[in-house]
Amino acid sequence: MTSTSPAETAAPTTRSLPDDDGTGGVLSGPWRALTLGIVSVVLLLAFEATAVNTAMPTAAQQLDGIGLYAFAFSAYFTTTLLAMVVSGQWCDRSGPLAPLFSGIAVFAAGLVTAGTAVNMWMFVAGRAVQGLGGGLVIVALYVVVGRAFPERLRPAVFAAFSAAWVLPSILGPVISGAVTQHLGWRWVFLAVPVLVLLPLAVMGPALRRSEKSQPPSRAGAYDWRRTRDAAMVALGAALLQYAGQRLDRWAPLPAVAGLALLGPAVLRLLPRGTLRAVRGLPTVILLRGIAAGAFFASELFIPLMMQTQRGLSVTMAGLTLAPGGLSWAFGSWLQGRPGAERHRGALIRIGFVGTAVAVGGAALVLFPAVPVWVTAAFWAVGGAGMGLAIASISVLMMKLSKPEETGGNSAALQLSDALGNVLLTGLAGVLFAALGGGAVGAPAHGADGGSALPAGAFAAVFLTMPVVALVGAALSGRATAKAGA
């Protein structure tokens, strides 16, 4: 994210494995093991993300921690923010191998801590440790793609990232629900660490060969100021979430403190001009946060809406989101087709519009006469839009980054993603609570699916987030350089 001299950019740091002859795909000889290893890691993260949402209510009830339910989610995201910045600098200085493997180990340790928790505070601590591992891993994976794969194969790798979410999106709620019911919620967490052995075994040798062929790092001293700023962002985001859930006369105090910490730190961490949507890389970074926030802040409320407004079971409500996982993979695959490169800006715009249509259409289920499958159908449209937009944004970030800046810019991209999730989910929670929905995650319904939650609380969320997505569509033209630039 900083300018460098020509001497520092001369080393061919994006080519690490055998020379690319322009033929073969991501599963051809030189890249097969690395691709399978990367997909295995993403598969692990995806299954945990989909399974934990199903098991979380039972865990909180058995640990007498319903009051801390929302913090089990926010603890993960806030520590992820910190770990992303650390991982970006770590990768730029010594390559992605150490932060990737360390992150996998820390993620597994967090799962064990949460799975063996004796109270809710220990459970929240386990989720925070998971967030540290997840933040280290996701940035390191982006750096692996930038360093080990030629530019022509990167869209296909990002498509594989999305494809790895398909099976967890479909099977995660079913498996997690069955395990929670028959074996107990703890096994949802304790069984996953065993899976870390697979990606370590598959990608370890290929990644080590990749690292050995890299030139020595030219990075300077570790910038502790960036770590301080990341900690300020994490704490500020946590305070804003806390204030949004209180909604009492004391709520402005943590909100003001959160903004005071968050604002200056974000300006220092993100590329200059990000919040002003300066053409090129700053807009690309900004769009990632808008896309992630608008989509996932809405997705959070769909299972709750399906349970409380239409009486679906926990498992069936979760499966409403499954078509989105399938279509996300399709959209990501589509943007990787030959000829898509010259249409990146249009693909991002189409993706944002599809997301806006999906979020608004999903809320039609609030009308009793509308069948529940309508929400699943609209969410398939949103998933396809996100597949187009997110993968294209990632490809553009790589294209606009110097080799030695890939780690820092990957961290900025993921930081924007996490910030978008935290801030827009917080906004959605405030709107939901202000219109009578109560705090997110509160046990507001019984076993029969009945609820006093007002439909207007859901409508506020599903009418606001499409507007956010359309703002992203309007800004998408600024993600690419002007003709002749």
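Computed over heavy atoms, backbone and side chain alike; hydrogens, waters and symmetry mates excluded.
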Approximate separation, where rounding is to 0.5 Å, of Met232 CE and Leu239 CG: 11.5 Å
Straight-line distance of Phe295 CZ to Leu424 CG, nearest 0.5 Å: 13.5 Å
Residues which pass side-chain contact (heavy atoms from CB on, under 4.5 Å) with Thr283, listed by chain and number, not counting sequence neighbours: Ala277, Leu287, Arg478, Ala479
Partner residues of Val179 under the side-chain contact (heavy atoms from CB on, under 4.5 Å) criterion, sequence neighbours left out: Ile175, Leu183, Trp187, Val188
Rounded distance [0.5 Å steps], CD1 in Ile285 versus CG in Leu275: 11.5 Å
Intermediate values then yes/no, side-chain contact (heavy atoms from CB on, under 4.5 Å), Val233 and Leu261: CA-CA 6 Å; Val233 169; Leu261 290 169; over 6 Å; no
Thr80 OG1 to Arg127 CZ distance, which is reported to the nearest 0.5 Å: 8.5 Å
Expected output: side-chain Thr274 to main-chain Leu286 donor-acceptor under 3.5 Å: no
Ile138 side, atom CD1; Phe107 side, atom CZ - distance, nearest 0.5 Å: 10.5 Å
Donor-acceptor under 3.5 Å (Ser416 side chain, Ala412 main chain): no
Heavy-atom closest pair, residues Pro96 and Cys91: CA-SG, 3.8 Å
side-chain contact (heavy atoms from CB on, under 4.5 Å) evaluation trace for Leu413 with Ile393: CA-CA 9 Å; Leu413 193 76; Ile393 288 170; 3.8 Å; yes
Criterion side-chain contact (heavy atoms from CB on, under 4.5 Å) on Leu326 and Phe330, from CA distance to verdict: CA-CA 7 Å; Leu326 289 168; Phe330 172 74; over 6 Å; no
Show which side-chain atoms of residues 358-382 pair as donor or acceptor with protein atoms under 3.5 Å away, not counting sequence neighbours.
residue, atom, partner, partner atom, Å
Thr375, OG1, Ala362, O, 2.9
Trp379, NE1, Glu299, OE2, 3.3

Test ring-ring contact (aromatic ring centres under 6.0 Å, His included) applied to Phe123 - qualifying residues, sequence neighbours left out: Trp185, Phe189
Least distance between heavy atoms, Leu82 atom then Ala230 atom: CD1-CB, 3.7 Å
Backbone N/O of Pro323 and side chain of Ser327: donor-acceptor pair under 3.5 Å: yes
Pairwise distance CZ(Arg310) to CE(Met305) - rounded to 0.5 angstrom: 9.5 Å
Arg288 and Ser394 side chains, donor-acceptor separation under 3.5 Å: yes
Closest non-hydrogen atom pair between Gly110 and Gln130, with its separation: C-CG, 3.6 Å
Leu136 versus Pro99, closest heavy-atom pair with distance: CB-O, 3.7 Å
Under 3.5 Å, side-chain donor or acceptor atoms of residues 455-477 against the rest of the protein: list the pairs with distances, not counting sequence neighbours.
residue, atom, partner, partner atom, Å
Thr464, OG1, Ala460, O, 2.7
Ser476, OG, Arg349, NE, 3.4
Ser476, OG, Ala473, O, 2.7

Validation row: Ser332, Ile390 side chains within 4.5 angstrom (heavy atoms): no
By side-chain hydrogen bond (donor to acceptor under 3.5 Å, both in side chains) - contacts of Ser392 (at least two apart): Arg344
